[in-house]
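Scroll down for the structure; my scribbles are underneath it.
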Amino acid sequence: MNIFFKIAALISNGRRKVEPLSDAKSTPTDDVLVSDLLMWLCENGSHIHPKVAVKRIDENDPNSPFGLIAIADLDSDEVICHIPPHLIIMPDKYNVDDNDCSTIDRVYDMMIADKPNPWARYLLSQPRRFTPEFWSDAGKKMLSEMTSDKLPPQYINDTMDELDEDYGRDTNDEIYLHAAMMVKSRADYSFLVPFYDMTNHHNGKVNLKHEFNPFHDDINIKESGYTIATTKPVSSGDQLFLSYNQGNICQEYFDWFGTPEIFQAYGFVEDYPQRWLFDLARVKFDLDVDEESGKEVATFLVPPSQRGIDMLKQELVRLEEFSEKHRAADTADIHMPNHEWTLLWQYFDALHNAISRCVESNEPLSDEIWDAPHDWWVKDGTMKECDREEHYVRRSV
Ligand SMILES: C[S@@+](CC[C@H](N)C(=O)[O-])C[C@H]1O[C@@H](n2cnc3c(N)ncnc32)[C@H](O)[C@@H]1O
């Protein structure tokens, strides 16, 4: 019996009758690690919708990431998965402010166990050091030269410094670093949730939501577990997406966590729509492609100023000089792993493109933003200074 029907059988022994699907194309996965993981999850009390498969997002690329794919049409508001509390890795006490590293410690322990469970084996199979915070010294040096102290992402050394200096962890232990990167790129703050952590990001195609906000005061995750559901009908073959920065539990991420921060924390350049925030110029805009004209359009979330636009024009010149100096280099000479080099230039192109669209727009200019307080982040599109408790305000620069 193939994995698909094994899972369906498990679920039908559980809480819901699952009829075999006539148009089920293939097993939910072609990967042993993933099928072991799915079986382990179902045998340990998880509910995984039988019309959802785990597949590589590019079936022709054996290295492409996995994602959740509908293998039959889904309605809106269908529960895609429920993961019970005992499978979620979380710190003892949970407070979003004292985000300690106990979740990382637990993932590390799971990975170095004598017989790692299927989830640990899957996480260990993920590419090493692929998010910029965990890049080689050469890669981080090149990225820092590209962004200088002006353009995002900044603070790419924070995580390693924190692990080393604040928590005294061994940052020469490659498995510990991998555990840390898995938490940073797959957890909701300190909650690492299996299967939920297989969901990819896309703000334009997002079709999933959290059934409840696990950070809400009246939710005790140790009782509720995690449940995600569809927000709209999903056609067979479509990928299921969450938003990593504008989802229904993202709260203050709306204000400042944009395309640069997604690149830094998750190691990929997001598709349109993108969100760009440039502290130094106090410029904040969404960049999307207009369906009719096919042109990229910058939608400003705070009014841009001449001063800010002039700063970004100077940054464009500096970026072009950086490209002149490095793009033709031989990676062997700079000791940067190929995946870092490829990703760095993908981000360079997206950054250069976004600033170009911004400075060439004919948006009316005003100096209003320079009267805003130093912590000038404001909720989407308003100049209203937001209530502190409503929104985190990012570190001032
Ligand atoms: C929470 S995991 C998602 C599941 C992951 N793709 C897997 O194969 O297990 C986050 C990672 O998935 C990848 N990812 C998520 N959304 C993506 C997207 N839209 N494009 C490319 N990679 C994406 C990135 O590598 C990111 O660090």
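One-based numbering, in listed order, for ligands and for the atoms of each.
- At a threshold of 4.0 Å, the pair R327-E324 does not count as salt-bridged, since none of the basic side-chain nitrogens sits closer than that to a carboxylate oxygen.
- A salt bridge links D77 with K209: the closest approach of a Lys/Arg side-chain nitrogen to an acidic carboxylate oxygen falls below 4.0 angstrom.
- For N203 and S243, the side-chain atoms include at least one donor-acceptor pair closer than 3.5 Å.
- Near ligand 1, residues P65, F66, Y122, Q126, F130, S185, R186, D197, M198, T199, N200, H201, Y244, Y266, F268 come within 4.0 angstrom through at least one heavy atom.
- In the hydrophobic cluster analysis, where Ile, Leu, Val, Met, Phe, Trp and Tyr join through side-chain heavy atoms closer than 4.5 angstrom, I228 is grouped apart from I219.
- Relative ring orientation between F268 and H201 is described as tilted, the plane-to-plane angle lying within the 30° to 60° band.
- In this structure, W276 and C358 have side chains that are not in contact, with every pair of non-hydrogen atoms separated by 4.5 Å or more.
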